[in-house]
Amino acid sequence: MQERVTTALLGALNGAREKGQLKTTAWPTLSLDAPKRPEWGDLASTVAMSLASSEHKAPHDIAQIIVENLPQREQLFDRVEIVHPGFLNLTVKAALWQEVLRQIELQGDRYGRAAIGTGRRVLVEYVSANPTGPLHVGHGRGAAVGYAVVRLLNAIGYDAVGEYYINDAGRQMKLLGASVYARYQELSGRTVEFPEDGYHGSYITAVAQQLKEQLDLVAAELTPVDLETRCRSLAYQKLLGLIRDDLQSFGIEIQSWFSEASLLESRAIERALDELKARELLFQQEGAWWFRASMYGDEKDRVVRKQDGEYTYLASDIAYHHDKLRRGYDLLIDVFGADHHGYIPRMHAVMQAYGHPKDRLHVVLVQLVKLLRDGVEVKMSKRTGEFITMREVIDEVGADAAKFYFLMRDSKTHLEFDLELAKQRSADNPVYYVQYAHARICSLWRVASARGISRPSAGGTDLSVLTDPDELGLIKKLSSYPEVIQASALAFEPHRVTYYLQQLAALLHTFYNKHRVLPPEIEQENNESGPGEVLTPKRTAARLVLMGAVQQVLRNGLEVLGISAPEQM
RNA sequence: GCGCCCGUAGCUCAGUCGGAUAGAGCAUCAGCCUUCUAAGCUGAGGGUCGCUGGUUCGAUUCCAGCCGGGCGCACCA
């Protein structure tokens, strides 16, 4: 609908220019908002006001010119008004709104999808937690956001893939091995010194316990060093398996897993750095190799290879992003925890060092989650290994509620997550509010079929009876859904969808309480379906079509976020 | 000290490519189920959009400076 009106406005502007009434060559972007007050029409444009300065005309006069040149004015609009100082308020014909319902029925699951990104490949890297322990709540938010971003991009035509970068090389892995080794020794009655920066979490002991039998078999044949190495690889597999399981229970499907260690094995790090050397973007100083990040806006140059010959984490990351580019992705997205924001400039520098624009990489920041229980903060400490795991949250509140909560707020702002609140099956919990709207409509189908009323198709139903403000309000909301999806996807901001769904659900609940869709079971004298209206079969049919469209959009919206749409609650 | 993010109702937060009287949920108060799911609805109260300047016909939105909160500034990952 917005598209149709925008086209008409553009036609008016071009028409006026041909007649010499307007001179501006490049029109500003025509944005149409739904005005706050119903008497201001369905859609409003501020274009006349923004043209005022370049045209040297009063906004009101420009608006007048636009109105005079508006093509198909009679067919499209019931009312066209100019309001001081130059608002153009348009009231679209009800018949056109009703048309939206036919479109939704026709497009079904595809309603809201678009082809904007067709032919462009995107790689979204998210979670990427070290496989040295279970995922915690913060990872859960990153997972929900990353997954939703992938689905949103796919919805508007991009070929987007989610990838998990496994940090399975370097110091953290060594520490993991040493920690498990120490716990294993303890379990076998020997005492060894626990590594200084080792992992203290109780899950390490649990892993050691689980591996004990396996390790006992080989313990006698291996040197302590080899045994520790064995601990490392077994613990790594175990923990990565747990992470995969956790993500699966959370309903997150990650298409691709990329191992950091594979970069070392394949000498990809060397090759990636050689390429930088060839471009004279590496230099040696004090026995270390440095990347000239400062040439591309980072605050200083960064070490990629230490004095002792070891690569830094940045070296792996350079090679990893180099690899992503080589794999031919048009856009790279990294979902980072906000505590890594200092890393962004150097990654942008990497992009440019390889000759790409820096916005070829977009970083989505996800702020930390403040976990509460009954309003009291639950403290987490990485050092002692005491933290709330993602698994605990899923078990306690369910995957749907957890996802919705994580996606409710702009990911770059802090999020309070109250476990008790998220668990409550009440108005306090927005996910149920939205799902309930969906289930209520499904219930209509059940009752209708029990009473022998079949579901009408939009094409074969007279929708002209849908003129009530509540009905038109719902339709207008439905018609803006595709725009919401596009804007949300292009901004990488899934929270816009959760917000939209809550608004749509609110309109549905209001409608549902105020108006009837199906006739009452028993014939009644009073056959009112709402204030001053009579429920005729015609009205029932039209409203069923409307309900079907609302259900479709609720389902599509939940689907794109990876949240279920239950038929019964 | 430098850099990034945030500051909107008592609380948690939407909104902001500059627009008309700033929104939702929670909490508080008052109502609504013999008829399609009350996990719902209706109404009421509640705001110097952190502060001060600037740009503009118009600023919560853009710019600058301050104040407050979070995070980051390794030859760690």
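Lettering follows sequence order; numbering is per chain, from 1. Note that the coordinates shown come from a computational prediction; the quantities given were computed from them, not determined experimentally.
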*NE2 of A:His348 versus C1' of B:G3: gap in Å, rounded?*
15 Å
*Using the P atoms only, state how far B:G1 lies from B:A44, rounded to an integer number of Å.*
49 Å
*Please give, in whole Å, the distance from B:U35 P to A:Asn513 CG?*
13 Å
_Between B:C73 and B:U28, how far apart are the two C1' atoms, rounded to whole Å?_
46 Å
*Name the pairing partner of B:G58, where a pair is Watson-Crick or G-U wobble with both distances under 3.5 Å, or state none.*
none
*Ring geometry between A:Phe194 and A:His200 (parallel below 30°, tilted from 30 to 60°, perpendicular above 60°)*: tilted
*Is A:Tyr433 stacked on the base of B:A39, with ring centres under 5.5 Å apart and planes under 30° apart?*
no
_Polar pair under 3.5 Å, donor/acceptor by atom type, side chain A:His414, base B:G69_ = no
*Within the structure shown, what part of the strands sits under 4.0 Å from A:Trp289 by heavy-atom distance: base, sugar-phosphate, or nothing?*
nothing
*Rounded to the nearest angstrom, tell me the gap between atom CZ in A:Arg496 and atom P in B:A24.*
20 Å
_Spacing of the C1' atoms in B:C13 and B:G53 (rounded, Å)_ = 29 Å
_Interatomic distance where CD belongs to A:Gln503 and P belongs to B:G25 [whole Å]_ = 11 Å
_Side-chain donor-acceptor pair present, A:Tyr199, A:Gln172, cut-off under 3.5 Å_ = yes
_Length of the NZ-P vector between A:Lys412 and B:C13, whole Å_ = 14 Å
*Atom-pair distance (CZ on A:Arg409; C1' on B:U8), nearest Å*: 13 Å
_Using a distance-only criterion (donor-acceptor N/O pair, under 3.5 Å, no hydrogens), is the base of B:A20 paired with the side chain of A:Asn89?_
yes
*Are any of the side-chain nitrogens in A:Lys324 or A:Asp334 under 4.0 Å away from the carboxylate oxygens of its partner?*
yes
_If you count heavy atoms of other groups shown closer than 6.0 angstrom to NZ of A:Lys277, is the number above 12?_
yes
_Between B:U55 and B:C63, how many Å separate the two P atoms, rounded to a whole number?_
16 Å
*Go through the N and O atoms of the side chain of A:Glu286 and the base of B:C75, and report whether any donor-acceptor pair is under 3.5 Å.*
yes
